[in-house]
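All residue numbers in this chain count up from 1 along the given sequence. Order of appearance sets the numbers: ligands from 1, and atoms from 1 within every ligand.
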Amino acid sequence: MDGVVDHLADERNKAQFDVEEMKIVWAGSRHVFELSDRIARLVASDPVFRKDNRATLSRKDLFKNTLRKAAHAWKRIIELRLSEEEASKLRFYVDEAAFTDLHWGMFVPAIKGQATEEQQQKWLPLAYKMQIIGCYAQTELGHGSNVQGLETTATFDPQTDEFDIHSPTLTSSKWWPGGLGKVSTHAVVYARLITDGQEHGVHGFIVQLRSLDDHLPLPGITIGDIGMKFGNGAYNTMDNGVTRNGKCVRSNVPRQLIYGTMVFVRQTIVSDASCALSRAVCIATRYSAVRRQFGSQNGGVETQVIDYKTQQNRLFPLLAAAYAFRFVGEWLKWLYTDVTQRLQANDFSTLPEAHACTAGLKSLTTTFTADAIEECRKLCGGHGYLCSSGLPELFAVYVPACTYEGDNVVLLLQVARFLMKTVSQLGSEKKPVGTTAYMGRVEHLMQCRCSVQKAEDWLNPNTILEAFEARTARMSVAVAQKLAQFANPEEGFLELSPNLVEASVAHCQLIVVSKFIEKLQQDIPGKGVKELLGMLCNIYALNILHKHLGDFLSTGSITPKQGSLANDQLRSLYSQVRPNAIALVDAFNYTDHYLGSVLGRYDGNVYPKLYEEAWKDPLNDSVVPDGYHEYIRPLLKNQLRNARL
Ligand SMILES: CCCCCCCC/C=C\CCCC(=O)SCCNC(=O)CCNC(=O)[C@H](O)C(C)(C)COP(=O)(O)OP(=O)(O)OC[C@H]1O[C@@H](n2cnc3c(N)ncnc32)[C@H](O)[C@@H]1OP(=O)(O)O
Ligand SMILES: Cc1cc2nc3c(=O)[nH]c(=O)nc-3n(C[C@H](O)[C@H](O)[C@H](O)COP(=O)(O)OP(=O)(O)OC[C@H]3O[C@@H](n4cnc5c(N)ncnc54)[C@H](O)[C@@H]3O)c2cc1C
């Protein structure tokens, strides 16, 4: 900030905690912090990675520019001999949806997780060196959620020792896979395996799509892009593809691991939610401290909008959720690593829980984050609607996360199946463990009473946990009892699916709250850091309690009076967080390049930069617009004539 006026300096001076230590907590470790900081600056200082022109480029120029950035990123990765960790951070800070996301994020993991040793030895070195570019081709025009309903077939021909991959209908065309449309040379294609005329369910196959010499599709394969998507710029940097197939390559597949790539990616999407959410919150918080409206007396300064309680009540729960998702993401990564190690030892016992947790938390965090980005846009008033605020594009790029990698409702129904199974086994030999361990105390949770008598009682983590556990246990048991009244359980499941989804949401919220509380039990150094995190944890939990008061009251988990006390406590917490708000978003350590927002600038110098940015719009290239002579002038002349008549 040398030589630059920091308009937010007063705000930064108010902080009551050690921001540098908070940065380490946010990053996860000092090592990750230092690495991220270095790579973020490297990207920000490279003109090829500029992104302020995305909203005004045509689709073709936008796409070509993405190819250019991806090629440049790879060049820098090789030149600088970046490690896998550094390279992945570099792609993260380049911040542009591209075919590389699917190559590194799904194609490589699918091969690692599902291919045989021999297949891995053949394909992984090529993929690591980007001598082939891959994508993940599962979804079809007719089926996405229902994976067992995919129509593409893979028929083994013993004579040629090949699989014939065939899309027999229009609806069996692979539709949506990122990178497939224009770039990928290979794909992991999901198809129904047929041998000796017998079907064996859906399996993954590595398929070559395009020639490595001239990039033309191989014989029998028709490929293209599926067309423009939501938002200008935004996800249109990605080629999402359609194919219809002819022939191809080889089988792999240990049966239980077919869905493994989805578990992996859902886990990464939870961590990613905290990034997108924190980014939107950083923009809205800084701008709320800069923006002033009303409240001026005797010509004095007006009130910063961040000081309005309504602004705090909308903004601070989002700030708290960014931290909550960060920590639950860390824990989910641990869970995923643990289940992977067990699977390698043929221990499948924790797979159902890993599936339920990744599916449920992917759904919970992406739904919340998409809504929160839109809320941040509104928190920034009119200027939030400008592309230069960074928020419209962030929303457009982020919102499909509610759909891809599993529609969020479909995923919650998977959690519900897991919950109902857990409830049905209560009282049997099989004791609930892990995230459902609380169900083991179901008798207590069905009748316990919340002990809160005054607002401060809500600061006790055990009180919060028990209220959340009681709410979830009671909702789950209630819906399980209703299910039991149906002669046909599947019919009952369909009929009660809205209740089941609500129970799943409650269970997932409980996981997030409990993992935040567990985080606070760790040794966290730095003046005031743990105290601030404690406040954020309470805000996250009490805000959910307030928003879902109906659940807590209808299950009798708390009384109306206790609900009202929770709200009083929330207001008090907002006042305590207020002086720390700017420092809490500084702890995300985002560069102005990554934020991509005039409103969220580190120095708070919003107005001159907004003005400057507006003049850069191509529409302002000429004072009189193109089209004046054809369309405006004749109109004005006609009006003149009419007026004379
Ligand atoms: C590091 C960087 C990362 C970069 C990431 C880049 C992001 C790029 C952007 C976008 C990428 C988007 C990619 C995609 O969208 S790929 C396509 C994803 N598609 C889906 O997610 C489809 C959703 N549908 C499903 O997952 C399933 O079909 C289902 C709905 C969950 C299952 O339905 P169904 O009831 O028919 O069940 P099945 O008969 O198939 O399954 C029976 C049992 O298996 C259990 N199960 C299901 N899924 C899993 C799983 N993933 N893992 C473990 N176990 C699973 C299920 O619970 C059943 O168990 P039970 O014990 O009850 O028999
Ligand atoms: C940006 C983007 C990128 C993508 N990238 C890829 C990729 O790289 N590779 C790939 O293979 N796919 C990809 N996809 C596809 C994606 O995974 C699917 O679109 C997603 O899984 C949802 O499936 P669907 O489209 O079939 O939705 P549908 O299942 O048709 O959903 C439509 C509606 O029906 C509801 N619904 C469906 N089933 C049920 C049920 N059982 N009970 C209650 N309600 C139900 C849903 O909640 C939703 O409201 C991508 C999609 C997008 C948007």
### Task
Inspect the contact between D95 and K51 and indicate whether a charged nitrogen and a carboxylate oxygen are less than 4.0 angstrom apart.
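The answer is yes: the pair qualifies as a salt bridge.
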Does [X] reach ligand 1 with a nitrogen or oxygen that is under 3.5 Å from one of the ligand's nitrogen or oxygen atoms?
X	result
R266	yes
Y259	yes
K421	yes
E405	yes
Y404	no
F264	no

### Query
Nearest heavy atom to atom 29 (C) of ligand 1: which of M420, Q414, R417 does it belong to?
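It is Q414 that holds the nearest heavy atom.
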### Query
Relative to atom 17 (C) of ligand 1, which among T139, L413, L150, V108 owns the nearest non-hydrogen atom?
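Of the listed residues, T139 has the closest heavy atom.
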### Query
Do R279 and F588 meet the cation-pi criteria used here (NZ or CZ under 6.0 Å from the six-membered ring centre, within 45° of the axis)?
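No, R279 and F588 do not form such a contact.
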### For W175, all residues meeting ring-ring contact (aromatic ring centres under 6.0 Å, His included), sequence neighbours excluded
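With neighbours one apart ignored, the set is empty.
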#### Entry: Between E502 and H548, a side-chain donor and acceptor under 3.5 Å
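No, because no side-chain N or O of E502 sits under 3.5 Å from a partner of the opposite role on H548.
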Run the contact test for [X] against ligand 1 with a 4.0 Å cut-off on heavy atoms, strictly below, and give the result.
X	result
P352	no
M238	no
G178	no

Report the part of [X] in contact with ligand 1, treating N, CA, C, O as backbone and CB onward as side chain, heavy atoms under 4.0 Å; options are side chain, backbone, both, neither.
X	result
T268	side chain
Y136	side chain
D407	neither

### Task
Report, as yes or no, whether the 6.0 Å neighbourhood of atom NZ on K431 holds more than 12 heavy atoms from other residues, nucleotides or ligands.
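Yes, enclosed.
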Side chains of [X] and [Y]: closer than 4.5 Å at any heavy-atom pair?
X	Y	value
Q148	N146	yes
H507	T435	yes
C376	F395	no

### Message
Give the residues near ligand 2 by chain and number, with the criterion being a heavy-atom distance under 4.0 Å.
### Response
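Around ligand 2, where the cutoff is 4.0 Å for heavy atoms, the contacting residues are L102, Y136, Q138, T139, G144, S145, W176, P177, G178, Y235, N240, P400, T403, Y404, E405, G406, D407, V409, V410, L413.
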### Criterion side chain to side chain donor-acceptor pair (under 3.5 Å) against T171, the qualifying member of H143, E151, E140
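The single option meeting the side chain to side chain donor-acceptor pair (under 3.5 Å) with T171 is E151.
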### Task
Give the numbers and elements of all ligand 1 atoms closer than 4.0 Å to a heavy atom of G144.
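Answer for ligand 1: 22 (C).
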### Query
For the residue pair F107 and F99, is the inter-centroid distance of their aromatic rings smaller than 6.0 Å?
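Ring-ring flag for F107/F99: false, centres at least 6.0 Å apart.
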### Message
Are Y323 and W26 an aromatic pair, judged by ring center distance below 6.0 Å?
### Response
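Yes: the rings meet the under 6.0 Å criterion.
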### Message
Holding to side chain to side chain contact (heavy atoms under 4.5 Å, CB included), I want the full list of residues that pass it with D46, two or more places apart in sequence or in another chain.
### Response
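By the side chain to side chain contact (heavy atoms under 4.5 Å, CB included) rule, D46 matches V48, F49, H72, R76.
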### Task
Please name all residues satisfying salt bridge (charged side-chain N to carboxylate O under 4.0 Å, His left out) with D338, sequence neighbours left out, ordered by chain then number.
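With neighbours one apart ignored, the set is R342.
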